[in-house]
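Here is the structure we will look at, set down as C-alpha coordinates.
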Amino acid sequence: MKLPASFYTRPDVVQLAQELVGKYLYTNIDGVLTGGKIVETEAYSGENDKACHAHLGRRTQRTEIMYQQGGVAYVYLVYGMYNLFNIITNVAGKADAVLIRAIEPEEGIEEMLLRRNMASIKPNLTAGPGVLSIALGINRNLYGADLTGNVIWIEDKGNIVPAASIAAGPRIGIDYAGEDANLPWRFWLKENKWVSRKK
DNA sequence: TCAAGGATGAACT
DNA sequence: GTTCATCCTTGAA
(Lines give C-alpha, C1' and ligand atoms only; values in the text may rest on other atoms or scores of the structure.)
Protein backbone atom coordinates (compact mmCIF):
# COMPACT_ATOMS: atom_id res chain seq x y z
CA MET A 1 0.00 0.00 0.00
CA LYS A 2 1.35 3.36 -1.02
CA LEU A 3 1.71 5.74 1.92
CA PRO A 4 -0.94 8.51 1.72
CA ALA A 5 -0.24 12.24 2.03
CA SER A 6 -1.61 12.18 5.57
CA PHE A 7 1.38 10.08 6.67
CA TYR A 8 3.82 12.84 5.76
CA THR A 9 1.97 15.80 7.23
CA ARG A 10 2.22 14.53 10.80
CA PRO A 11 4.12 16.89 13.11
CA ASP A 12 6.73 14.67 14.80
CA VAL A 13 9.53 14.29 12.24
CA VAL A 14 11.73 12.20 14.56
CA GLN A 15 8.97 9.66 15.14
CA LEU A 16 8.25 9.66 11.41
CA ALA A 17 11.88 8.98 10.51
CA GLN A 18 11.83 5.97 12.82
CA GLU A 19 8.62 4.64 11.28
CA LEU A 20 10.06 4.91 7.77
CA VAL A 21 12.63 2.22 8.61
CA GLY A 22 11.20 -1.01 7.18
CA LYS A 23 9.03 0.74 4.57
CA TYR A 24 9.80 0.37 0.84
CA LEU A 25 11.06 3.11 -1.46
CA TYR A 26 10.46 2.83 -5.21
CA THR A 27 11.27 4.92 -8.25
CA ASN A 28 9.95 4.52 -11.77
CA ILE A 29 12.37 6.41 -14.02
CA ASP A 30 11.73 6.17 -17.75
CA GLY A 31 9.56 3.13 -17.16
CA VAL A 32 12.21 1.25 -15.14
CA LEU A 33 11.13 0.18 -11.65
CA THR A 34 13.79 0.08 -8.93
CA GLY A 35 13.55 0.06 -5.15
CA GLY A 36 13.91 -1.76 -1.87
CA LYS A 37 13.50 -1.66 1.88
CA ILE A 38 14.53 1.45 3.77
CA VAL A 39 17.10 0.47 6.40
CA GLU A 40 18.54 3.83 7.45
CA THR A 41 17.10 7.36 7.90
CA GLU A 42 17.89 10.68 9.56
CA ALA A 43 15.51 13.37 10.82
CA TYR A 44 16.04 17.08 10.23
CA SER A 45 13.86 19.71 11.81
CA GLY A 46 13.46 23.27 10.57
CA GLU A 47 12.78 24.60 14.05
CA ASN A 48 15.55 24.18 16.57
CA ASP A 49 18.05 22.13 14.56
CA LYS A 50 21.24 23.77 13.38
CA ALA A 51 21.99 20.90 10.98
CA CYS A 52 18.92 21.61 8.87
CA HIS A 53 19.38 23.63 5.68
CA ALA A 54 16.28 25.63 6.55
CA HIS A 55 17.18 26.20 10.19
CA LEU A 56 15.38 29.23 11.66
CA GLY A 57 13.64 30.18 8.46
CA ARG A 58 16.66 30.29 6.18
CA ARG A 59 15.16 30.39 2.75
CA THR A 60 16.86 30.12 -0.61
CA GLN A 61 15.95 28.84 -4.01
CA ARG A 62 17.39 25.47 -2.99
CA THR A 63 15.46 25.12 0.27
CA GLU A 64 12.21 26.68 -0.93
CA ILE A 65 10.57 23.28 -1.32
CA MET A 66 11.14 22.46 2.36
CA TYR A 67 8.45 24.92 3.36
CA GLN A 68 5.80 23.07 1.41
CA GLN A 69 3.35 20.69 2.99
CA GLY A 70 4.76 17.21 3.70
CA GLY A 71 4.75 14.55 1.00
CA VAL A 72 7.15 15.96 -1.60
CA ALA A 73 10.78 15.15 -2.45
CA TYR A 74 13.69 17.45 -1.65
CA VAL A 75 16.69 16.53 -3.81
CA TYR A 76 19.86 18.58 -3.65
CA LEU A 77 23.50 18.42 -4.60
CA VAL A 78 26.24 17.99 -2.01
CA TYR A 79 30.02 18.19 -2.53
CA GLY A 80 29.38 19.06 -6.13
CA MET A 81 28.53 15.54 -7.25
CA TYR A 82 25.96 13.68 -5.20
CA ASN A 83 22.19 14.09 -5.14
CA LEU A 84 20.74 13.42 -1.71
CA PHE A 85 17.09 12.43 -1.36
CA ASN A 86 14.93 13.83 1.44
CA ILE A 87 11.25 13.55 2.25
CA ILE A 88 9.53 16.76 3.30
CA THR A 89 7.23 16.29 6.28
CA ASN A 90 4.89 18.26 8.55
CA VAL A 91 2.52 21.01 7.45
CA ALA A 92 3.41 23.92 5.17
CA GLY A 93 5.87 26.42 6.66
CA LYS A 94 7.67 24.01 9.03
CA ALA A 95 10.61 22.80 6.88
CA ASP A 96 10.97 19.36 8.50
CA ALA A 97 12.57 16.56 6.46
CA VAL A 98 13.79 12.96 6.59
CA LEU A 99 16.99 11.98 4.78
CA ILE A 100 16.99 8.45 3.35
CA ARG A 101 20.54 7.10 3.82
CA ALA A 102 20.33 3.46 2.75
CA ILE A 103 18.01 0.77 1.37
CA GLU A 104 18.15 -2.99 0.93
CA PRO A 105 17.81 -3.61 -2.84
CA GLU A 106 14.87 -5.69 -3.98
CA GLU A 107 13.37 -4.50 -7.26
CA GLY A 108 15.33 -3.77 -10.47
CA ILE A 109 18.68 -4.92 -9.12
CA GLU A 110 20.16 -5.36 -12.59
CA GLU A 111 19.30 -1.81 -13.53
CA MET A 112 20.86 -0.55 -10.28
CA LEU A 113 24.07 -2.44 -11.01
CA LEU A 114 24.11 -0.82 -14.44
CA ARG A 115 23.65 2.68 -13.04
CA ARG A 116 26.38 2.11 -10.45
CA ASN A 117 28.66 0.48 -13.04
CA MET A 118 29.09 -2.58 -10.85
CA ALA A 119 29.43 -6.19 -11.97
CA SER A 120 27.86 -7.94 -9.00
CA ILE A 121 25.68 -7.03 -6.05
CA LYS A 122 27.51 -5.83 -2.95
CA PRO A 123 26.43 -3.99 0.19
CA ASN A 124 27.81 -0.70 -1.07
CA LEU A 125 25.39 -0.74 -4.01
CA THR A 126 22.89 1.34 -2.05
CA ALA A 127 24.56 1.92 1.35
CA GLY A 128 24.92 5.69 1.63
CA PRO A 129 22.75 8.62 0.49
CA GLY A 130 24.92 9.53 -2.50
CA VAL A 131 25.15 6.06 -4.05
CA LEU A 132 21.53 5.30 -3.16
CA SER A 133 20.41 8.17 -5.39
CA ILE A 134 22.58 6.92 -8.25
CA ALA A 135 21.19 3.38 -7.97
CA LEU A 136 17.58 4.58 -7.95
CA GLY A 137 18.12 7.14 -10.70
CA ILE A 138 17.28 10.06 -8.39
CA ASN A 139 18.47 13.45 -9.59
CA ARG A 140 17.30 17.02 -9.39
CA ASN A 141 14.57 16.34 -11.92
CA LEU A 142 12.75 14.90 -8.91
CA TYR A 143 13.10 18.11 -6.88
CA GLY A 144 9.60 18.77 -5.59
CA ALA A 145 8.17 15.49 -6.92
CA ASP A 146 4.91 14.35 -5.34
CA LEU A 147 5.49 11.23 -3.22
CA THR A 148 1.94 10.05 -3.80
CA GLY A 149 2.47 10.11 -7.59
CA ASN A 150 3.84 7.37 -9.85
CA VAL A 151 7.50 8.38 -10.31
CA ILE A 152 8.76 8.06 -6.73
CA TRP A 153 6.82 6.76 -3.76
CA ILE A 154 6.98 4.76 -0.51
CA GLU A 155 5.00 1.62 0.26
CA ASP A 156 3.95 0.02 3.52
CA LYS A 157 4.02 -3.73 2.99
CA GLY A 158 2.50 -4.46 6.37
CA ASN A 159 5.68 -5.97 7.77
CA ILE A 160 6.11 -5.05 11.40
CA VAL A 161 9.46 -3.78 12.62
CA PRO A 162 9.79 -4.24 16.38
CA ALA A 163 11.14 -1.19 18.15
CA ALA A 164 13.86 -3.40 19.64
CA SER A 165 15.39 -4.03 16.22
CA ILE A 166 15.80 -0.32 15.43
CA ALA A 167 18.90 1.46 16.71
CA ALA A 168 19.26 5.23 17.21
CA GLY A 169 22.36 7.41 17.23
CA PRO A 170 23.89 10.74 16.18
CA ARG A 171 23.63 11.83 12.57
CA ILE A 172 26.52 11.61 10.13
CA GLY A 173 28.68 14.37 8.73
CA ILE A 174 27.15 17.36 10.51
CA ASP A 175 29.78 18.21 13.10
CA TYR A 176 29.41 21.87 12.23
CA ALA A 177 25.98 21.87 13.91
CA GLY A 178 27.41 22.16 17.43
CA GLU A 179 25.43 20.44 20.16
CA ASP A 180 22.68 19.50 17.71
CA ALA A 181 25.15 17.09 16.08
CA ASN A 182 24.71 14.85 19.12
CA LEU A 183 20.95 14.44 18.81
CA PRO A 184 20.07 10.74 18.34
CA TRP A 185 18.11 11.41 15.19
CA ARG A 186 19.60 8.71 12.97
CA PHE A 187 17.74 5.40 12.83
CA TRP A 188 18.79 2.11 11.31
CA LEU A 189 17.98 -1.61 11.38
CA LYS A 190 20.29 -3.46 13.73
CA GLU A 191 22.39 -6.22 12.22
CA ASN A 192 21.52 -5.21 8.68
CA LYS A 193 24.45 -5.31 6.27
CA TRP A 194 22.88 -2.74 3.94
CA VAL A 195 23.26 0.07 6.49
CA SER A 196 25.84 2.63 5.36
CA ARG A 197 27.93 2.76 8.53
CA LYS A 198 28.10 0.13 11.22
CA LYS A 199 27.66 0.65 14.93
C1' DT B 1 43.74 -2.22 6.91
C1' DC B 2 43.37 2.68 7.05
C1' DA B 3 44.12 7.72 6.37
C1' DA B 4 44.52 11.32 3.08
C1' DG B 5 43.02 13.75 -0.87
C1' DG B 6 40.36 14.84 -4.98
C1' DA B 7 36.16 15.76 -7.66
C1' DT B 8 32.79 19.73 -8.23
C1' DG B 9 28.69 23.18 -7.51
C1' DA B 10 25.41 25.80 -4.55
C1' DA B 11 25.17 28.73 -0.70
C1' DC B 12 27.13 31.57 2.59
C1' DT B 13 30.75 35.17 4.58
C1' DG C 1 37.14 32.49 -0.76
C1' DT C 2 35.30 28.68 2.30
C1' DT C 3 32.21 25.18 3.60
C1' DC C 4 29.39 21.26 2.85
C1' DA C 5 23.70 15.87 5.18
C1' DT C 6 29.66 12.10 0.05
C1' DC C 7 32.22 8.48 -2.13
C1' DC C 8 36.18 6.48 -4.47
C1' DT C 9 41.10 5.98 -5.38
C1' DT C 10 45.59 6.03 -3.86
C1' DG C 11 49.58 5.01 -1.21
C1' DA C 12 51.46 4.02 3.21
C1' DA C 13 51.54 0.83 7.28
Side-chain angles (χ1 to χ4, degrees), chain A residues 8 13-14 16-18 20-21 25 36 38-68 70 72-90 94-105 112-145 147 152 154 167-189 193-199:
Chain A
Y8 303 106
V13 64
V14 176
L16 215 145
Q18 189 168 351
L20 281 171
V21 175
L25 171 67
I38 297 171
V39 296
E40 187 177 357
T41 65
E42 284 179 8
Y44 288 83
S45 175
E47 297 181 338
N48 243 343
D49 177 11
K50 294 201 194 79
C52 183
H53 288 158
H55 174 234
L56 290 182
R58 267 155 72 213
R59 198 163 191 140
T60 66
Q61 198 168 23
R62 182 176 70 160
T63 61
E64 188 63 33
I65 202 74
M66 298 188 75
Y67 294 91
Q68 296 228 354
V72 296
Y74 170 41
V75 181
Y76 81 98
L77 197 65
V78 73
Y79 298 115
M81 31 186 15
Y82 293 105
N83 296 302
L84 301 207
F85 169 62
N86 298 251
I87 296 164
I88 300 304
T89 71
N90 212 328
K94 290 293 188 183
D96 286 357
V98 177
L99 168 69
I100 306 299
R101 290 192 54 89
I103 69 168
E104 178 177 333
M112 289 194 268
L113 289 172
L114 212 59
R115 287 172 179 157
R116 293 275 288 118
N117 199 23
M118 289 168 63
S120 61
I121 188 163
K122 280 183 291 192
N124 67 352
L125 177 66
T126 55
V131 293
L132 164 67
S133 296
I134 297 172
L136 292 184
I138 295 171
N139 57 40
R140 275 165 294 161
N141 291 336
L142 293 181
Y143 180 90
L147 294 176
I152 182 165
I154 294 171
R171 291 169 291 176
I172 307 275
I174 53 159
D175 294 342
Y176 64 92
E179 63 209 29
D180 287 343
N182 298 320
L183 292 169
W185 284 5
R186 170 173 173 250
F187 301 99
W188 68 96
L189 272 183
K193 65 177 178 176
W194 299 97
V195 170
S196 68
R197 301 196 193 183
K198 308 183 174 107
K199 235 185 102 195

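Letters go in sequence order (proteins before strands), and every chain restarts at 1.
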For residues 117-130 of chain A, which residues have at least one heavy atom under 4.0 Å from DNA chain C? A:Gly128, A:Pro129, A:Gly130
Among residues 42-56 of chain A, which residues get a heavy atom nearer than 4.0 Å to DNA chain C?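 When residues 42-56 of chain A is checked for heavy atoms under 4.0 Å from DNA chain C, the hits, listed by number, are A:Tyr44, A:Ala51, A:His53.
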Among A:Leu147, A:Leu20, A:Ile38, A:Ile87, find the residue that satisfies the side chain to side chain contact (heavy atoms under 4.5 Å, CB included) test when tested with A:Leu25.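 Option passing the side chain to side chain contact (heavy atoms under 4.5 Å, CB included) with A:Leu25: A:Ile38.
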Using the side chain to side chain contact (heavy atoms under 4.5 Å, CB included) definition, which of the options A:Thr89, A:Leu183, A:Ile174 pairs with A:Tyr44?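 For A:Tyr44, the side chain to side chain contact (heavy atoms under 4.5 Å, CB included) check succeeds only for A:Ile174.
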Measure from [atom1] on [X] to [atom2] on [N] and round the result to the nearest Å.
{"X": "A:Ile138", "N": "C:dT6", "atom1": "CD1", "atom2": "P", "answer": "15 Å"}
{"X": "A:Ile134", "N": "C:dT6", "atom1": "CD1", "atom2": "P", "answer": "13 Å"}
{"X": "A:Glu40", "N": "C:dT6", "atom1": "CD", "atom2": "C1'", "answer": "13 Å"}
{"X": "A:Tyr79", "N": "C:dC7", "atom1": "OH", "atom2": "P", "answer": "10 Å"}
{"X": "A:Arg171", "N": "C:dT6", "atom1": "CZ", "atom2": "C1'", "answer": "17 Å"}

Output all residues satisfying side chain to side chain contact (heavy atoms under 4.5 Å, CB included) with [X], sequence neighbours left out; order by chain, then residue number.
{"X": "A:Asn124", "result": "A:Met118, A:Lys122"}
{"X": "A:Glu104", "result": "A:Lys37, A:Val39, A:Asn192, A:Trp194"}
{"X": "A:Asn182", "result": "none"}

Answer with base, sugar-phosphate or nothing: what part of the nucleic acid does A:Ile172 contact at a heavy-atom distance below 4.0 Å? sugar-phosphate
Classify the nucleic acid contact of A:Arg116 as base, sugar-phosphate or nothing, counting any heavy atom under 4.0 Å across all strands shown.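 Sugar-phosphate, no base atom in range.
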pair A:Thr63-A:Arg58: side-chain heavy atoms closer than 4.5 Å: no
Would a 4.5 Å heavy-atom cut-off, applied to side chains only, mark A:Val21 and A:Trp188 as touching? no
Only pairs under 3.5 Å count here: list side-chain donor-acceptor contacts from residues 125-137 of chain A, not counting sequence neighbours, and write none if there are none.
from, atom 1, to, atom 2, distance (Å)
A:Thr126, OG1, A:Ile103, O, 2.7
A:Ser133, OG, A:Asn83, O, 2.5
A:Ser133, OG, A:Pro129, O, 3.2

Pick the P atom in C:dA13 and in B:dG5, then give their distance to the nearest Å. 13 Å
Please find the pair of heavy atoms, one from A:Ala73 and one from A:Leu142, that lie closest to each other, and give the distance. CB-O, 3.5 Å
Need two values: the first and the last nucleotide of DNA chain B, 5' to 3', having an atom under 4.0 Å from any heavy-atom of chain A.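 Footprint of chain A along DNA chain B, 5' to 3': B:dA7 to B:dC12.
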For [X], give me all partners under salt bridge (charged side-chain N to carboxylate O under 4.0 Å, His left out), at least two apart in sequence or on another chain.
{"X": "A:Asp180", "result": "none"}
{"X": "A:Arg171", "result": "A:Asp49"}
{"X": "A:Arg116", "result": "none"}

Could I get the full list of side-chain hydrogen bond (donor to acceptor under 3.5 Å, both in side chains) partners for A:Asp96, not counting sequence neighbours?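 For A:Asp96 the side-chain hydrogen bond (donor to acceptor under 3.5 Å, both in side chains) partners, ignoring immediate neighbours, are A:Ser45, A:Asn90.
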Quick one: stems involving DNA chain B, counted as three or more successive Watson-Crick or G-U pairs, both distances short of 3.5 Å.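 Listed by first number, the stems are B:1-7 with C:6-12, B:9-12 with C:1-4.
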